[in-house]
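Written below as structure tokens is the structure these notes are about.
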Amino acid sequence: RNDKKTIFHCLEALTYARLGADEAEAALETAEESIELARELEDKRYHARALELAATVHLGSSNLMIALERAQASVEVMRNLDGFEADAFQSMQFLARVLMQKGDYKDALKTLERARTLAQRVDDTYLEAVALLGMSGGHALVGDTALAVKAATLARELFREEGYSRGEARVLKASSEFFMQQGNYPA
């Protein structure tokens, strides 16, 4: 049993508790401590997780540039880590969300496309659908309705293929919100 891993999980939980209690400074302190501990563990997955944790805290405090740096570092840590493609995918998804919050939709779309390529490489239809759903939102934000609808349609088909009705519902909800914002109410 690794006590450092237990401590890491406690720091992670404490960070989220502090965030929930609107204690941003204290949350940042424990998040940064988790990064140091993850380095000691010499486990890239823990390091990437700690970087994402710190990015989440910075994002909540509107420190977008630092959040972006931490999210990018997380993706770099996970890059080419065989056997943990789902974790790498999640890091890319998180980076895309940070980029979208920053208003950098083109880079967010590029990141989501890389995430989709990773999902295809490991033949994970569910992850590919998740990436497409994100891409649909990104295309909508840059005003490319045709690509937004195309990505949403493909995401819905893949979710259906996986038998994941909640995913299909997420696509329908996102699509309806997009069309409502456009003032477009297709039948």
Side-chain angles (χ1 to χ4, degrees), residues 9 12-13 15-16 19-20 43-46 48-53 55-56 59-60 67-68 70-72 74-187:
H9 292 289
E12 188 176 44
T15 300
Y16 283 117
L19 269 178
D43 185 324
K44 288 185 177 189
R45 291 172 304 149
Y46 278 88
R49 219 161 120 177
L51 289 165
E52 279 187 38
L53 180 63
T56 300
L59 204 54
L68 179 59
R70 294 287 195 230
Q72 288 170 327
S74 175
V75 169
E76 282 304 311
V77 167
M78 291 304 299
R79 187 180 307 276
N80 302 321
L81 192 58
D82 289 334
F84 299 100
E85 288 81 5
D87 294 310
F89 179 89
Q90 294 304 328
S91 289
M92 285 187 248
Q93 284 284 109
F94 181 76
L95 173 58
R97 283 194 303 273
V98 173
L99 287 163
M100 283 193 188
Q101 267 195 265
K102 187 176 170 284
D104 192 347
Y105 305 124
K106 286 186 179 186
D107 280 345
L109 283 165
K110 287 178 190 173
T111 300
L112 289 167
E113 185 59 49
R114 284 193 354 246
R116 180 183 181 203
T117 299
L118 172 64
Q120 289 172 327
R121 191 179 83 228
V122 297
D123 197 28
D124 192 319
T125 305
Y126 170 78
L127 291 182
E128 183 179 0
V130 170
L132 283 162
L133 178 57
M135 291 169 65
S136 173
H139 288 305
L141 288 168
V142 296
D144 195 333
T145 304
L147 283 177
V149 170
K150 182 178 178 182
T153 302
L154 186 51
R156 185 174 177 204
E157 289 171 6
L158 292 176
F159 280 131
R160 182 178 298 133
E161 185 180 306
E162 285 292 300
Y164 189 60
S165 57
R166 288 182 74 184
E168 285 185 77
R170 286 174 52 201
V171 171
L172 291 172
K173 180 180 184 280
S175 297
S176 66
E177 288 171 355
F178 169 70
F179 286 120
M180 285 174 52
Q181 288 173 351
Q182 299 291 312
N184 182 356
Y185 304 97

To the nearest 0.5 Å, what is the distance between [atom1] on [X] and [atom2] on [Y]?
X: S136; Y: R156; atom1: OG; atom2: CZ; value: 12.5 Å
X: L68; Y: D104; atom1: CG; atom2: CG; value: 7.5 Å
X: L172; Y: F159; atom1: CG; atom2: CZ; value: 11.0 Å
X: L95; Y: L51; atom1: CG; atom2: CG; value: 12.0 Å
X: M135; Y: E128; atom1: CE; atom2: CD; value: 9.0 Å
X: F89; Y: L112; atom1: CZ; atom2: CG; value: 7.5 Å

Practice task
Begin with the C-alpha distance, continue with both residues' side-chain angles, and end with the deciding distance and a verdict on side chain to side chain contact (heavy atoms under 4.5 Å, CB included) for M78 and Q90.
Solution key: CA-CA 10 Å; M78 291 304 299; Q90 294 304 328; over 6 Å; no

What pair of heavy atoms forms the shortest contact from [X] to [Y], and how long is it?
X: V171; Y: A152; answer: CG1-O, 3.3 Å
X: L59; Y: A67; answer: N-CB, 3.8 Å
X: M92; Y: T111; answer: O-CG2, 3.3 Å
X: A108; Y: M100; answer: CB-CG, 3.5 Å
X: L133; Y: A174; answer: CD1-CB, 4.2 Å
X: A48; Y: S91; answer: CB-OG, 4.4 Å

Exercise for the section: Decide, yes or no, whether a salt bridge links E76 with R79 under the criterion of side-chain N to carboxylate O below 4.0 Å. Expected result: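 Counted as a salt bridge, because a side-chain N and a carboxylate O are separated by less than 4.0 Å.
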
Any side-chain heavy-atom pair from [X] and [Y] closer than 4.5 angstrom?
X: R116; Y: L127; result: no
X: Y46; Y: H9; result: yes
X: V75; Y: R114; result: yes
X: H139; Y: K150; result: no
X: R49; Y: K44; result: no

Practice task
Could you check whether the rings of Y164 and Y126 sit parallel, tilted or perpendicular, using 30° and 60° as the cut-offs?
Solution key: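 Y164 vs Y126 ring planes: perpendicular.
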
Problem - Derivation and outcome, salt bridge (Lys or Arg N to Asp or Glu O under 4.0 Å), residues E113 and K110 - result: CA-CA 5 Å; E113 185 59 49; K110 287 178 190 173; over 6 Å; no

Handout entry: E52/R70 under salt bridge (Lys or Arg N to Asp or Glu O under 4.0 Å): CA gap, chis, key distance, verdict
Key = CA-CA 6 Å; E52 279 187 38; R70 294 287 195 230; over 6 Å; no

